[in-house]
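Notes follow the structure.
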There are 2 protein chains.
Amino acid sequence: MPSPAGPPVEAGTLCCPPLTERPLSAQEAETAARVFKALGDPVRLRLFSAVASHPGGEACVCDISDVGVSQPTVSHHLKRLKEAGLLASERRGTWVYYRLEPGVLAEIGRLLASGGAA
Amino acid sequence: MPSPAGPPVEAGTLCCPPLTERPLSAQEAETAARVFKALGDPVRLRLFSAVASHPGGEACVCDISDVGVSQPTVSHHLKRLKEAGLLASERRGTWVYYRLEPGVLAEIGRLLASGGAA
DNA sequence: CGTCTATGTTGACGTCTGTCGAATCAATCT
DNA sequence: AGATTGATTCGACAGACGTCAACATAGACG
């Protein structure tokens, strides 16, 4: 495998019907698993939650980097979340701001829908 | 809609407020990440989806073990899903049946709730 | 009892992942 | 320009993870 992470997941293309609808195909599972894997680390989950819950919908790295690991590690995890299509980043002057990729929460929620809604 | 005379907190359930409500603590993230990590593997995701979408709500290993890996590997992944509190298993005669741990989908969904549905 | 089928467990091996320190890039301030 | 602060990249290393073959266990059936 040349590319370790594969192409980034585009927003809105999370694929796949709800997990309860039918068994996922190999390719669907590959795509969806990338998102869950990104959330499957405590540090990343805290970073994601910090961004998601930040007033204004975005946070600069300096605001969320107090998660008990070094700054390079924070940067590494933010990159992973970005590659998974969960976060987007933008540099404004000195600081880099991260915010949720729009729709991701709903997408994942739909994947886990047990058929209740609608 | 929490029950007024709420029943005792069930053990093994998911913890944590929605990710968007406030930054997760280290311990909360540790707990929640375990679930996402369990779903963060393509094979496990397929197994989980196969069980979740199976008529009757349960499936024996023989019904879902065609995911392209060896039988020991399937067994290993089912164990991981069980340890993460996502699946439950029961032996009935020759076969072992797996089904969703009740409420898990809703729990994870609540974690990802963006505040819309209520 | 012995054997066959269905699952789970063990041990080993290569790969992926999380982590850090050091170096590097980016923008601001004196 | 040089110095300072914020953020990413690089290089390296320990530990976790996915995988399989071989072995072990559980129940069914003759």
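In the text below, chain A, chain B and the rest are named by the order of the sequence lines, each starting its count at 1. All values below were derived from every heavy atom in this structure, side-chain atoms included, with hydrogens, water molecules and symmetry-related copies excluded.
Taking atom CG of residue B:L78 and atom C1' of nucleotide C:dT9, one finds them 14 Å apart after rounding to whole Å. The NE2 atom of A:H76 sits 14 Å away from the P atom of C:dC16 (whole-angstrom rounding). Between the CD atom of B:E90 and the C1' atom of C:dG8 there is a distance of 17 Å, given to the nearest Å. Taking atom CD of B:E83 as the reference point, atom P of D:dG18 lies 11 Å away to the nearest angstrom. The distance between atom NZ of A:K82 and atom P of D:dA7, rounded to the nearest whole Å, is 13 Å. Rounded to a whole Å, the NE2 atom of A:H77 is 4 Å from the P atom of C:dT19. Atom-to-atom, NZ of A:K79 to P of C:dC16 comes out at 16 Å; the value is rounded to the nearest Å. B:L45 has its CG atom 13 Å from the P atom of D:dG18, to the nearest Å.
At the heavy-atom level, B:R92 lies nowhere under 4.0 Å from the strands shown.
The phosphate of D:dG6 (OP1 or OP2) has no side-chain N or O of A:R91 nearer than 4.0 angstrom. Proximity of B:W95 to the phosphate of C:dT7: a side-chain N or O atom is located under 4.0 Å from OP1 or OP2. Listed pair B:K37 / D:dC17 meets the phosphate criterion, a side-chain N or O lying under 4.0 Å from OP1 or OP2.
For B:T94, taking side-chain heavy atoms from C-beta onward, the closest of the listed nucleotides C:dT28, D:dT19, D:dA28 is D:dA28. Closest to the A:Y98 side chain, of the nucleotides D:dT8, D:dG27, D:dG18, is D:dT8.
When each of B:S75 and A:V43 is assigned the nucleotide of DNA chain C bearing its nearest heavy atom, the one mapping closer to the 5' terminus is B:S75.
Tracing side-chain contacts under 4.5 Å through hydrophobic residues (I, L, V, M, F, W, Y), one reaches A:V96 starting from A:V69; they form part of the same cluster.
Counting non-hydrogen atoms of neighbouring residues, nucleotides and ligands closer than 6.0 angstrom, the CD atom of A:E90 exceeds 12 such neighbours.
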*Show your working on side-chain contact (heavy atoms from CB on, under 4.5 Å) between A:F36 and B:K37 and close with a plain yes or no.*
CA-CA 6 Å; A:F36 288 117; B:K37 190 179 229 170; over 6 Å; no

*Would B:V67 and B:T73 satisfy side-chain contact (heavy atoms from CB on, under 4.5 Å), going step by step from the backbone distance to the final call?*
CA-CA 10 Å; B:V67 286; B:T73 301; over 6 Å; no

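Contacts of residues 59-74 of chain B with DNA chain D (heavy atom under 4.0 Å): B:V69, B:S70, B:P72, B:T73.
Classification of B:E58 and B:R92 as a salt-bridged pair holds, one side-chain N sitting under 4.0 Å from a carboxylate O. Under the 4.0 Å criterion applied to side-chain N and carboxylate O atoms, A:R22 and A:E28 are assigned as salt-bridge partners.
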